[in-house]
Each structure stands twice: as C-alpha cells, then as structure tokens.
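In listed order, ligands and their atoms are each counted from 1. None of these values were measured; they are calculated from a predicted model. Quick note: residue numbers are just sequence positions, from 1.
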Amino acid sequence: MALWLGIETSCDETSVALVRDGSKILSNLVSSQVDVHRRFGGVVPELACRKHLEAVNPLLAESLREAGAAWSDLDGVAVSFAPGLVGALLVGVAAAKAVAACLSIPLVGVNHLEGHIYANILENPRLAFPFLCLLVSGGHTNIVLVKGPGLYETLGRTRDDAAGEAFDKVARALKIGYPGGPVIDRLARENSAREISFPRAFLEPGSLDFSFSGLKTSVVHYLEKHPPTEEMLPAICAGFQRAVVDVLVGKTILAAERCGTATIALAGGVASNSLLRERLRKEAAAGGFELIIPSPVLCTDNAAMIGAAGYHLYAAGRRHSLSLDARPNGPLDELAALHQVKETS
Ligand code: KG4
Ligand code: ZN
C-alpha cells in the first residue's frame with residue numbers, strides 16, 4: 001500500500017490530494033480562483049501565482065486532516081511541473097520539493113496533460129495499453145495514443161484555439177460568463193428552438209488536427225449581424241457546441257479506427273461537456289470501441305489525477321531529483337526522456 005500526495009497549481013486552481021495505490025482518493029481539495037479572474041474575463045497570471053501561494057499550505061494541512069493521515073504516512077509526492085503558467089507551476093513544484101526533501105520520499109514530476117489522461121487510469125486501474133485519448137482542456141486539444149506509462153504519441157492537435165478556449169471566447173462574446181464551457185453546456189441543454197448552424201472545420205481530408213478559431217469568428221460575425229436577445233442564446237450555444245462536438249467526435253473515431261485500439265478515453269475540462277460525452281458514447285459503441293470517461297470532478301483540474309499519475313509513473317520507473325523545475329511548455333511526447341534522473345542525484 002502506498003500513499004501519494006498530488007499537487008496541482010498549473011493554472012487557476014490550487015489543488016492538493018491524497019491517493020492510495022493510484023486508485024483510491026482519500027482527499028481531493030480544489031481551491032478555485034475563478035471568482036478572482038472572472039471580472040477580467042480570463043486568468044491573470046500575476047494574481048494566479050499569489051493566490052496559489054496563499055492557498056497551498058492550508059490545503060496541504062486540510063488534505064491530510066480530511067484523509068486522516070499524518071505527514072509520516074506519505075510514500076511519495078507528485079506535482080504538475082508543465083505546461084502552464086510558469087509562476088503558478090513554481091508554487092506547486094517548490095511545495096512538492098519541500099515535502100520530498102523534509103520527508104525523504106520520492107518526487108515525481110507529472111505533465112499536467114498526462115495528469116488529465118491518468119484520471120482515466122485512476123478510475124480504471126486495469127486499463128490496458130495502448131489506448132487512445134481525446135484530451136480537451138482550456139489550453140489543449142490533442143488526440144493522443146497512450147502507448148504505455150509515460151509514453152505518448154500525439155496524433156492530432158489544434159492549430160489555433162483549444163476547444164475549451166473556443167468555449168470561453170464564445171461565452172465572452174455572448175457576455176454569459178467565465179469560464180464559458182459550463183454555461184454554454186447548460187444553455188444548450190435548455191434549448192428548444194432550431195439550433196443556429198455554424199461551420200465545422202475538418203481541415204484536409206483525413207487530418208487529425210483541429211482548428212476552432214474560424215468557428216469562433218463565425219459566431220462573432222453572426223452576433224454582429226444578429227445582436228442576440230436573451231431568448232436566442234440557447235439556440236446559438238447549442239449550434240456552436242454541436243459544431244465543436246461534431247469535429248471532436250469525428251476525428252477521435254477516425255483516429256481510433258486508424259490505430260486499431262480497443263479503448264477510447266476522454267480527458268480534460270471539456271470532457272465534462274454533456275453533448276460530447278453523449279455523442280462519443282454513441283459513436284464509440286457504434287464503432288465497437290470501449291469508452292472510458294472520468295467522473296466530471298476528475299475532468300477539470302484536480303490533484304487526485306496528479307497523485308495517481310505519480311504513483312503509477314513511479315512504479316514504471318520515473319523519478320525526479322530536487323532540481324526538478326517548472327516548465328511553461330512541456331511536450332507530452334518527449335516526456336520519457338525529459339528530466340529523468342537517477343534516484344541518487
Ligand atoms: O482541464 P481544465 O480544467 O483546465 C485546463 O487545463 O485548461 O479545462 C478548463 C476548460 C475551460 O475552457 C472550460 O470552459 C472548459 O474546460 N469546460 C467545459 C465544460 N466544463 C469546463 N467546456 C465545455 N463544456 C463543459 N461542461
Ligand atoms: Zn487542465
């Protein structure tokens with residue numbers, strides 16, 4: 001039995017979790033800064049760093065209290081070290097290094113994106129490799145072939161905006177709040193009128209890449225011509241959401257067919273979108289694929305996925321020294337070679 005601490009501070013959520021054996025969550029506390037950033041319509045990096053700094057120590061203490069654990073019970077500590085806001089990542093990395101140094105326990109750096117992928121393994125510890133993962137967050141939209149622990153091949157990625165970013169930008173244009181994804185999702189569900197149709201960007205035939213900035217622009221142009229009334233919002237949201245989901249689902253199924261994997265997994269904040277979950281469930285079943293979707297709390301940023309990833313990646317041989325540093329850009333595909341150090345260093 002091993003108890004791992006997970007720390008996540010890559011963007012605007014400070015989160016600390018305790019996970020047993022990479023699969024049992026004993027605590028998973030998330031302190032969201034959404035209220036701080038809302039009035040700016042997006043994350044303000046300087047404010048995010050300060051808020052992480054204020055939140056991280058109290059969350060560490062509270063997380064242990066909630067789990068009924070003591071510092072001396074910890075067997076390892078995992079932390080998001082990339083990608084994200086560098087100052088924000090630094091807070092988590094410094095906290096994790098302090099814990100690892102004081103307790104003389106292993107430290108494992110986890111790429112935030114692989115953390116999202118590991119939310120699936122947390123809930124399905126016997127998930128077999130390889131599997132395909134559609135990773136859709138506020139900053140990334142990737143189709144990833146997960147070949148083994150820490151071994152990734154990105155088959156498709158966005159060429160401009162990420163899916164979550166498109167949700168957030170469209171919500172800002174509609175003046176319906178931040179972050180946009182959950183609001184658009186809710187309004188789309190309430191729609192009973194004919195949906196407004198927006199273009200789908202499938203790019204070159206067979207491409208697994210994405211582009212969402214054209215869709216966002218076409219919503220903005222539509223709004224210029226048809227200033228929206230309150231009653232029209234659900235039909236606009238439903239049309240926009242369907243355009244995003246059609247492309248995400250179409251390309252994911254295409255990728256799965258190409259790779260011949262048995263399982264498709266979903267990850268990242270946009271994975272909590274109700275239409276995406278429903279459509280992917282339907283299409284995966286039609287294609288004969290097993291579909292795995294994390295619980296909504298494990299889709300958005302949280303430290304349980306980081307703690308679980310740390311446990312599993314440590315078991316697979318990953319170790320980091322106290323020279324682990326925050327990296328604002330962290331390529332998923334090069335992780336196996338990145339920062340890998342001997343336990344003695
Ligand atoms: O993974 P995440 O929590 O943070 C990043 O790593 O970026 O993802 C946040 C993104 C935001 O863009 C938010 O609008 C989007 O996930 N999101 C959703 C939903 N819930 C969160 N997008 C669509 N539908 C949702 N229900
Ligand atoms: Zn995330």
Side-chain angles (χ1 to χ4, degrees), residues 6-15 17 28 30-34 37-38 41-43 45 48 52 79-85 88-89 92 110-120 133-142 144 157-158 161-174 176-191 210 212 215-216 237-238 240-249 265-280 293-306 309 328-330 332:
I7 302 179
E8 159 62 48
T9 61
S10 66
C11 190
D12 59 346
E13 254 107 29
T14 319
S15 182
N28 185 21
V30 182
S31 165
S32 174
Q33 306 175 359
V34 160
H37 301 290
R38 180 171 285 126
V43 178
H52 284 307
V79 61
S80 288
F81 73 100
L85 303 170
L89 289 164
V110 174
N111 180 292
H112 178 76
L113 304 182
E114 76 179 334
H116 277 302
I117 294 171
Y118 267 84
N120 287 283
C133 186
L134 171 66
L135 175 53
V136 268
S137 70
H140 294 83
T141 304
N142 295 350
V144 182
R157 50 168 59 79
T158 183
D161 292 349
E165 195 178 351
F167 271 94
D168 295 337
K169 286 180 174 171
V170 165
R172 197 183 309 163
L174 291 169
I176 53 174
Y178 168 85
V183 193
I184 291 180
D185 193 356
R186 180 177 51 78
L187 284 170
R189 269 200 309 269
E190 287 169 9
N191 182 46
F210 299 95
F212 292 111
L215 169 60
K216 172 203 65 195
C237 289
F240 160 75
Q241 178 172 277
R242 194 172 300 280
V244 174
V245 168
D246 272 357
V247 177
L248 289 175
V249 172
L266 193 56
V270 184
S272 41
N273 182 267
S274 52
L275 184 69
L276 178 60
R277 295 167 85 94
E278 177 196 319
R279 282 284 311 286
L280 205 50
I293 308 182
S295 312
V297 285
L298 295 178
C299 288
T300 44
D301 288 350
N302 69 90
M305 66 187 192
I306 304 299
N329 308 303
L332 201 52

What residue and atom, counting heavy atoms only, is the protein's closest point to [atom], and at what distance?
{"atom": "atom 18 (C) of ligand 1", "value": "Gly181 CA, 3.4 Å"}
{"atom": "atom 6 (O) of ligand 1", "value": "His112 NE2, 3.1 Å"}
{"atom": "atom 26 (N) of ligand 1", "value": "Asp185 OD2, 2.9 Å"}
{"atom": "atom 9 (C) of ligand 1", "value": "Gly138 N, 3.7 Å"}

(request) Give me the ring orientation class for Phe210 and Phe212: parallel if the planes are under 30° apart, tilted from 30 to 60°, perpendicular past 60°. (result)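 Parallel.
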Would you say [X] touches ligand 1, if touching means a heavy atom closer than 4.0 Å?
{"X": "His116", "result": "yes"}
{"X": "His140", "result": "no"}
{"X": "Pro182", "result": "yes"}

Pair [X], [Y]: side-chain N/O donor-acceptor within cut-off below 3.5 Å:
{"X": "Thr141", "Y": "Arg157", "result": "no"}
{"X": "Asp185", "Y": "Ser274", "result": "yes"}
{"X": "Glu8", "Y": "Ser10", "result": "yes"}

(request) Run the numbers for me: atoms of ligand 1, each under 4.0 Å from some heavy atom of Thr300, listed by number. (result)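 So the answer, numbered in order with elements, is 3 (O).
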(request) Find, among atoms of Asp301 that are N, O or S, the one nearest to the Zn ion (ligand 2), and state its name. (result) OD1
(request) Decide, yes or no, whether a salt bridge links Asp246 with Arg242 under the criterion of side-chain N to carboxylate O below 4.0 Å. (result)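 Looking at Arg242 together with Asp246, the answer is no, because their closest N to O distance does not fall below 4.0 Å.
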